[in-house]
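Here is the structure we will look at.
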Amino acid sequence: DAGRLEMQVQVLNTTSGQIMTTFYLKSSFATKERRVDIRMQGESHRGPPNSKFFSKLAKKAAANMADQLVDAVFPMKVMAVRGDRLYINRGQDGGLLDGELLNIYMPGVLLIDPDTGENLGTAEEYVGQGKIMRINPKFTIVKLLENDSGLSVEVGSIVRKP
C-alpha cells in the first residue's frame with residue numbers, strides 16, 4: 001500500500017481579496033505490506049488498500065495544515081525575556097515538543113509582490129536558536145542556546161520551527 005497527498009494552500013483576505021500567504025504541504029506513506037489475495041468462488045482477486053493508512057495520512061496532513069495556518073496568521077512570538085529564558089505565546093495546543101529546537105528572528109519589513117499583490121512575508125533577520133524547556137497550557141519557555149548575530153532577542157521577536 002502507498003499513498004501521497006499534496007496541497008497548495010493560499011490564505012486570502014476575504015475583504016480585499018489579497019493573498020495573505022501561500023504554502024505547500026506534502027504527506028505520504030508506503031508500507032511493506034502487499035494487497036491481500038482474496039479467494040472468491042475459486043478465483044484469486046486483489047483486495048483494496050487498507051483504509052487505515054489513508055486515514056492516518058489525511059489526519060497528518062490536516063494537523064500539518066492547521067499548524068501552518070496558525071503560524072502564517074499568528075506566528076509564535078516572544079512575550080517576555082528573562083536572561084536566557086524566552087517566554088513564547090504557544091502552549092500545549094501549539095504542536096510543540098519538549099526539547100525541540102526553534103529559530104528566533106527579528107521582524108523586518110513586509111514584502112508585497114508588486115505584480116500580484118501577494119504577501120511574501122517579512123525580511124526577517126536571524127537572531128539565534130533556542131530549545132524548548134517547558135510547555136505550559138498557554139505559553140512555552142525556551143532557553144536561548146545561540147546568539148552570534150549581534151542582535152538581541154526582544155518582545156515581539158518571531159519564533160519558528162527550523
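Residue numbers count from 1 along this sequence. On a predicted model such as this, the values are computed, not experimentally measured, just so you know. These values consider heavy atoms only, across backbone and side chains, with no hydrogens, waters or symmetry-generated copies.
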Problem - Smallest separation among heavy atoms of Asp98 and Met133, with atom names - result: OD1-O, 3.2 Å
Handout entry: All side chain to side chain donor-acceptor pair (under 3.5 Å) counterparts of Gln92, not counting sequence neighbours
Key = none
Problem - Backbone N/O of Asp115 and side chain of Asp113: donor-acceptor pair under 3.5 Å - result: yes
Exercise for the section: Measure the shortest side-chain to side-chain distance between Lys26 and Leu5 over non-hydrogen atoms and say whether it is less than 4.5 angstrom. Expected result: no
Practice task
Examine distances only and state if a side-chain atom of Asp84 and a backbone atom of Lys143 form a donor-acceptor pair shorter than 3.5 Å.
Solution key: no
Practice task
For residues Gly94 and Arg90, report the shortest heavy-atom separation together with the two atoms involved.
Solution key: CA-CD, 4.1 Å
Exercise for the section: Locate the shortest heavy-atom distance separating Ala61 from Met7; write the atom from each residue and the value. Expected result: CB-CE, 3.9 Å
Problem - Interatomic spacing from NZ in Lys60 to OG in Ser28 - rounded to 0.5 Å - result: 6.5 Å
Problem - ILVMFWY cluster, Leu25 and Phe53 together (side-chain gap under 4.5 Å) - result: yes
Problem - Phe74, CZ: over 12 other non-hydrogen atoms inside 6.0 angstrom - result: no
Fill in the blank from the handout: Connected to Leu144, directly or through other members, by ILVMFWY side-chain contacts below 4.5 Å are Met76, Val78, Val81, Leu86, Ile88, Leu96, Leu102, Ile104, Met106, Val127, Ile132, Ile135, Val142, Leu151, Val153, Val159
Problem - Distance (rounded to the nearest 0.5 Å) between Glu154 CD and Lys77 NZ - result: 13.0 Å
Completion exercise
To the nearest 0.5 Å, atom CZ of Phe29 lies from atom NZ of Lys56 at 10.0 Å
Handout entry: Nearest-0.5 Å distance that lies between atom OH in Tyr126 and atom CD1 in Ile158
Key = 14.5 Å
Practice task
Return the minimal non-hydrogen interatomic distance between Lys131 and Leu145, and the atom names on each side.
Solution key: CB-CD1, 3.6 Å
Exercise for the section: Please tell me if the side chains of Pro75 and Arg160 come closer than 4.5 Å, counting only heavy atoms from C-beta onward. Expected result: yes
Problem - Rounded distance (nearest 0.5 Å) linking atom CG of Leu12 with atom OG1 of Thr14 - result: 8.5 Å
Problem - Any Thr22 side-chain heavy atom under 4.5 Å of Val9 side chain - result: no
Fill in the blank from the handout: Sorted by chain and residue number, the salt bridge (charged side-chain N to carboxylate O under 4.0 Å, His left out) partners of Arg134 (sequence neighbours excluded) come out as none
Fill in the blank from the handout: Correct closest heavy-atom pair for Arg85 and Ile141 would be CD-CG2, 3.8 Å
Handout entry: Beyond-backbone contact of Tyr105 with Glu125, side-chain heavy atoms, under 4.5 angstrom
Key = no
Problem - Heavy-atom pair with the smallest gap, counting every atom of Met79 and Phe139 - result: CE-CB, 3.6 Å
Exercise for the section: Ignoring hydrogens and angles, tell me if any N or O in the side chain of Gln68 forms a donor-acceptor pair with the backbone of Met65 under 3.5 Å. Expected result: no
